[in-house]
Amino acid sequence: MEPISGDPNFWMTMMTLRDPAYREPTDDELLQLEGDVTDAAHDLARAISTRESAYRAGGQEVPDGVVASPDWGLAYLYALHEVDGIVKRLATRYARTAGANGATYAHLGAAWGGITKQAARLRWPGAVRKPTDLADGAEPFELRLAGGLAEIIQLPDRHGFAWKATGADGTSGQSEEPCSRTEAAAHAGAFLARHAIAYDHDAAHDECIEPHRTTDGYTDCDGKPL
């Protein structure tokens, strides 16, 4: 996860807001997303349904018709409630990350289904940081990347920003001198990328029985091109 092409300004560029930030998803992409969420909620409902658990405990096969029972429907509704909670937590996290690094409430509102910037401010109060709004003791903001976590903090007397981070591999680090907020976020992001846990191909594909498509084409589970 080193900067592409060795560009020393990679992370500075990466932390600069691109506009537009995204394109509209296609119908197929939305259908895929709906299917993935549906499957995830279904799996949780099956795991927590007391009716299904009773069948499994008795060594019986769970009949397909179990999904028609009112209690299974309640298990599925509970699962959807958990999905909704996860969505809200993720939305707050990424609204604050985007807002701390240059996105405005207008940007956040547009991304959240086209709500107004006033509605976005009410939904995520304090998410957007502006240099003119910063005062001593301003709250730090977090940057999550590659399994690690960084915290960007304003130094006393508004003399710049600093970062401290712990990568996914357990390595900790921090800035050595004050810098701008964007630079602090960029350096923290680079640190987290350097200290991500290395991908273990053998462990990830331990039970695979067929080849997979990569960016270079199909490979077998030894990573060799077919």
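Fair warning: this is a prediction, and the values are worked out from it, not measured in the lab. The analysis underlying the following values was restricted to heavy atoms, covering all of them including side chains, and did not include hydrogens, waters or symmetry mates.
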Looking at [X] and [Y], what are the two nearest heavy atoms and their distance?
| X | Y | value |
| --- | --- | --- |
| Ala47 | Ser53 | O-OG, 4.1 Å |
| Gly189 | Leu145 | O-CD2, 3.3 Å |
| Leu17 | Ala103 | CD2-CA, 4.2 Å |
| Ser172 | Thr166 | OG-OG1, 3.2 Å |
| Ala150 | Ala188 | CB-CB, 3.7 Å |
| Ala41 | Ala79 | O-CB, 3.5 Å |

Tell me every residue that passes salt bridge (Lys or Arg N to Asp or Glu O under 4.0 Å) with [X], counting only those two or more places apart in sequence or in another chain.
| X | result |
| --- | --- |
| Asp71 | Arg51 |
| Glu52 | Arg46, Arg56 |
| Arg23 | Glu29 |
| Glu82 | none |

key: Within residues 103-119 or reaching into it, pairs that qualify as salt bridge (charged side-chain N to carboxylate O under 4.0 Å, His left out) - sequence neighbours excluded   =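 Of all non-adjacent pairs touching residues 103-119, none passes salt bridge (charged side-chain N to carboxylate O under 4.0 Å, His left out).
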
More than 12 heavy atoms from other groups under 6.0 Å of [atom1] on [X]:
| X | atom1 | result |
| --- | --- | --- |
| Asp64 | CG | no |
| Gln60 | CD | yes |
| Asp19 | CG | yes |

inquiry  = If you apply the rule side-chain hydrogen bond (donor to acceptor under 3.5 Å, both in side chains), what do you find for Asp36 with Gln32, and how did you get there?
reply    = CA-CA 6 Å; Asp36 290 343; Gln32 179 65 52; 2.9 Å; yes

request  = Go through the side-chain N and O atoms of Asp28 and Thr26 and say whether any donor and acceptor fall under 3.5 Å apart.
outcome  =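 The answer is no; no qualifying pair exists.
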
About how many Å separate [atom2] of [Y] and [atom1] of [X], when rounded to the nearest 0.5 Å?
| X | Y | atom1 | atom2 | answer |
| --- | --- | --- | --- | --- |
| Thr97 | Arg144 | OG1 | CZ | 8.0 Å |
| Arg121 | Thr104 | CZ | OG1 | 9.5 Å |
| Cys179 | Ile152 | SG | CD1 | 8.0 Å |
| Asp169 | Arg194 | CG | CZ | 11.0 Å |

message = Would you say the rings of His187 and Phe191 are close, in the sense that their centroids are separated by under 6.0 Å?
response =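 No, the ring of Phe191 stays outside the 6.0 Å limit from the ring of His187, centre to centre.
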
ask   = Leu30: which other cluster members, linking ILVMFWY side chains closer than 4.5 Å, directly or transitively?
value =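 Members besides Leu30: none; it forms no cluster.
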
request  = Among Ile, Leu, Val, Met, Phe, Trp and Tyr joined by side-chain contacts under 4.5 Å, find the other residues sharing a cluster with Leu80 and list them by chain and number.
outcome  =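 Same cluster as Leu80: Tyr55, Val62, Val66, Val67, Trp72, Tyr76.
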
Under the ring pair (Phe, Tyr, Trp, His ring centres under 6.0 Å) test, residues paired with [X] that sit two or more places apart:
| X | result |
| --- | --- |
| Trp124 | Trp112 |
| His107 | none |
| His81 | none |
| Tyr105 | none |

query = Do Ile48 and Tyr78 touch side chain to side chain, with heavy atoms closer than 4.5 Å?
reply =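 With C-beta onward as the side chain, the pair touches.
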
ask   = Is any side-chain heavy atom of Leu149 less than 4.5 Å from a side-chain heavy atom of Leu143?
value =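 The answer is no; the side chains never approach within 4.5 Å.
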
Can I get a per-line list of side-chain donor-acceptor pairs under 3.5 Å for residues 83-95, giving both atom names and the distance, sequence neighbours left out?
residue: Asp84; atom: OD2; partner: Lys88; partner atom: NZ; Å: 3.2
residue: Thr92; atom: OG1; partner: Lys88; partner atom: O; Å: 3.1

